[in-house]
Amino acid sequence: MKTNFIAILILLLTLSNCTNSQTPSEVNIPSKDSILKLEMNLSAFGVEADDFPSIAVFIDFTKDSSFCTSSYYNPSYKGKEYNLSKEEIKRIADLLNKTDLAKLKTKYTCNKSDQPSSTTIIYTSNHKYIIEDYGLLAEKPFQEIYKVVYKY
């Protein structure tokens, strides 16, 4: 009997020292899916116009930073590196935030040949969206985003 009493006493003391490590404000509540980064590869390969560049875009919305490079299939045209302005980064973020990313198609295409194409990857806090666009005819917000990043 004395042994059972000691075992129960030890158990109660052990349990009484346990606390919930999360305060009410620290409880994990699902938050809005935040857009973190954007990568775009806008390819002009196959387009008959030599003066049309391919562009690689990387935007880190968490750091308000971007890096873009343009290059040409024809080596006589010189590519360039550039950054988007804070306003342009904000514009793209606003366009993406107003879009229901989960409802976007993952593939857009057209029936014409030799069209530019794009692969866009949107990284959010909970998902990774990959959108392929042959012909650069994707729905909103991509038409506006293309206009912002094409600087040649």
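For clarity, every value in this text was computed on a predicted model and none was experimentally measured. For the single chain, residues carry numbers from 1 onward in sequence order.
- Put simply, the side chain of K105 does not reach to within 4.5 Å of the side chain of I131, judged on heavy atoms.
- With S70 contributing its side chain and S54 its backbone, the two residues share no donor-acceptor pair below 3.5 Å.
- Although no hydrogens or angles enter the test, the distance criterion places no donor-acceptor pair under 3.5 Å between the side chain of S65 and the main chain of F61.
- Once rounded to the nearest 0.5 Å, the distance linking CG of L42 with OG1 of T119 reads 8.5 Å.
- Every residue two or more places apart in sequence or in another chain that forms a side-chain contact (heavy atoms from CB on, under 4.5 Å) with E87 is listed here: S85.
- One distance of note links OG of S113 with OH of Y134; it measures 5.5 Å at 0.5 Å rounding.
- Checking side-chain atoms of K37 against main-chain N and O of F58 turns up no donor-acceptor pair under 3.5 Å.
- Note: the hydrophobic cluster containing L95 also contains I35 (ILVMFWY, side chain heavy atoms under 4.5 Å, direct or indirect links).
- The hydrophobic clustering, which links ILVMFWY residues whose side-chain heavy atoms are closer than 4.5 Å, places V57 and Y129 together.
- Put simply, the side chain of L101 reaches to within 4.5 Å of the side chain of I122, judged on heavy atoms.
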Working for side-chain contact (heavy atoms from CB on, under 4.5 Å), residues F67 and E81: CA-CA 7 Å; F67 182 75; E81 296 178 349; 3.6 Å; yes
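- How far OG of S34 is from CG of L96: 12.5 Å, rounded to the nearest 0.5 Å.
- One distance of note links OG1 of T99 with NZ of K140; it measures 8.5 Å at 0.5 Å rounding.
- Without hydrogens or angle criteria, E88 side chain to N83 main chain gives no donor-acceptor distance under 3.5 Å.
- At least one donor-acceptor pair under 3.5 Å links the side chain of S66 to the backbone N or O of L84.
- Side chain to side chain, T62 and D60 meet the donor-acceptor criterion of an N or O pair below 3.5 Å.
- The backbone N or O of D33 sits nowhere less than 3.5 Å from a side-chain atom of S125 that would complete a donor-acceptor pair.
- Taking a cutoff of 4.0 Å between a charged side-chain nitrogen and a carboxylate oxygen, D94 and K90 qualify as a salt bridge.
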Worked check of side-chain hydrogen bond (donor to acceptor under 3.5 Å, both in side chains) between T124 and N126: CA-CA 5 Å; T124 68; N126 298 317; 5.8 Å; no
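- Panel note: side chain D133, backbone S118; no donor-acceptor pair is recorded below 3.5 Å.
- Two residues are said to be in side-chain contact when any heavy atoms from C-beta on lie closer than 4.5 Å; I130 and T106 fail this criterion.
- Here D64 contributes atom CG and I59 contributes atom CD1; the two are 10.0 Å apart, rounded to the nearest 0.5 Å.
- Side-chain atoms of E39 never come within 3.5 Å of backbone atoms of T120 as a donor-acceptor pair (strictly under, hydrogens ignored).
- Side chain of Y150 to backbone of I55: no donor-acceptor contact under 3.5 angstrom is found.
- Every residue was checked against the ring-ring contact (aromatic ring centres under 6.0 Å, His included) condition with Y146, not counting sequence neighbours, and none meets it.
- The distance from the CD atom of E132 to the CD1 atom of I121 is 9.5 Å, given to the nearest 0.5 Å.
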